[in-house]
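This report concerns only the one structure given below.
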Amino acid sequence: MVLRVADIHRSISFYRDVLGFPLIRVLHNAIAFMRVADGVAGHTQIIGLFDQNWVSSHADHSWEGCAPKSSTLHHFAVEIKLAEYEAVLVYLTKQGLAPNTSTHAWIGWRSIYVSDPDGHTVEFVCYDGSILDT
């Protein structure tokens, strides 16, 4: 997941200090990589934060034409354990994020939604078989 952000330092602070994702590295004072979880075959799952005004110094910019000028992202989800759900909800509330919650009985999910400083919606989701529609 890579997000365009208005203020790279504000976004690093939010994702590191509020949501708890460790900072892996900052490049060019315009790109940050936050660790989410172990990935597959050594590829770490990350949230990339790219300053909205950053322009690559690479000679081949062919990929840049594929990126929209503004985000088309609806939201992204981070999986948590059911046993952590209440603690995550309490923590996010204490951080002043005014989380919204929802249950999705058709699939057995409990969700907590918050917004980052740029308005991206972050979902914390867990599986809860006790709420499944029967």
Side-chain angles (χ1 to χ4, degrees):
M1 168 70 57
V2 177
L3 304 171
R4 291 177 185 259
V5 298
D7 181 328
I8 191 72
H9 301 289
R10 178 184 69 182
S11 293
I12 289 169
S13 293
F14 178 79
Y15 282 94
R16 180 192 57 213
D17 303 337
V18 177
L19 298 187
F21 297 110
L23 176 65
I24 298 171
R25 178 170 285 198
V26 176
L27 302 172
H28 313 293
N29 205 32
I31 301 170
F33 295 97
M34 314 301 294
R35 184 184 184 285
V36 175
D38 291 337
V40 176
H43 186 276
T44 303
Q45 293 179 19
I46 62 104
I47 297 171
L49 305 171
F50 280 48
D51 186 284
Q52 65 189 8
N53 297 313
W54 181 76
V55 177
S56 171
S57 61
H58 295 287
D60 177 14
H61 296 276
S62 59
W63 60 272
E64 289 179 355
C66 299
K69 294 295 181 195
S70 62
S71 177
T72 58
L73 176 74
H74 183 270
H75 76 281
F76 68 95
V78 177
E79 188 175 9
I80 60 173
K81 296 176 183 173
L82 177 58
E84 298 170 346
Y85 180 88
E86 287 301 324
V88 169
L89 180 58
V90 168
Y91 173 79
L92 295 172
T93 301
K94 285 182 179 179
Q95 295 300 312
L97 296 177
N100 293 311
T101 62
S102 184
T103 57
H104 309 282
W106 66 274
I107 197 163
W109 292 347
R110 290 187 179 276
S111 299
I112 304 168
Y113 301 93
V114 296
S115 294
D116 79 1
D118 289 287
H120 301 112
T121 300
V122 182
E123 175 186 11
F124 293 88
V125 63
C126 62
Y127 177 76
D128 181 354
S130 72
I131 66 168
L132 273 172
D133 281 342
T134 55

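For the numbers below, each heavy atom of this structure counts, side chains included, while hydrogens, waters and symmetry mates do not.
For the pair A30 and W54, the tightest heavy-atom approach, listed with the atom from each and the gap, is CB-CD1, 3.3 Å. Summarising the geometry of I46 relative to V36, their closest heavy-atom pair is C-CG2, 3.8 Å, with the distance given to 0.1 Å. Residues D51 and A6 share a closest heavy-atom pair of OD2-O, 4.0 Å. Between T121 and Y113 the shortest heavy-atom distance is CG2-CD2, 3.9 Å. Contact between H75 and E123 at its shortest, heavy atoms only, is NE2-OE1, 2.9 Å. Between M34 and F21, the closest heavy-atom pair is CE-O, 3.2 Å.
When side chains are defined from C-beta on, V78 does not count as touching V125, because their heavy atoms never get closer than 4.5 Å. Residues L27 and F50 are not in side-chain contact: their nearest non-hydrogen atoms beyond the backbone lie 4.5 Å or more apart. Put simply, the side chain of L23 reaches to within 4.5 Å of the side chain of I12, judged on heavy atoms. Counting heavy atoms from C-beta on, the side chains of L89 and T101 come closer than 4.5 Å. At a threshold of 4.5 Å between non-hydrogen side-chain atoms, the residues L82 and R110 count as touching.
Side-chain heavy atoms closer than 4.5 Å link hydrophobic residues (I, L, V, M, F, W, Y) into clusters, and following such links, possibly through other members, connects I47 to L97. A chain of hydrophobic side-chain contacts below 4.5 Å, direct or via other Ile, Leu, Val, Met, Phe, Trp or Tyr residues, connects I8 to L73. Criterion: ILVMFWY side-chain heavy atoms under 4.5 Å apart, direct or through other members. Under it, V2 and I31 are part of a common hydrophobic cluster.
Here the straight-line distance linking atom CG of L132 with atom CH2 of W106 works out to 10.5 Å at 0.5 Å rounding. Note that the NE2 atom of H120 and the CG atom of L49 stand 9.0 Å from one another [nearest 0.5 Å]. Note that the CZ atom of F76 and the CE atom of M1 stand 5.5 Å from one another [nearest 0.5 Å]. Interatomic distance, H104 NE2 to I107 CD1, rounded to the nearest 0.5 Å: 9.5 Å.
Among V114, V122, V90, V88, the one residue that satisfies the side-chain contact (heavy atoms from CB on, under 4.5 Å) test with P99 is V114.
Side chain of Y85 to main chain of F124: no donor-acceptor pair is present (N/O by atom type, distance under 3.5 Å, no hydrogens or angles).
Open room surrounds CD on E79; 12 or fewer heavy atoms of other groups in view lie less than 6.0 Å from it.
For residues 7-19, every residue pair satisfying the side-chain hydrogen bond (donor to acceptor under 3.5 Å, both in side chains) rule, not counting sequence neighbours, is listed here: H9-N29, R10-D118, S11-D118, Y15-D116.
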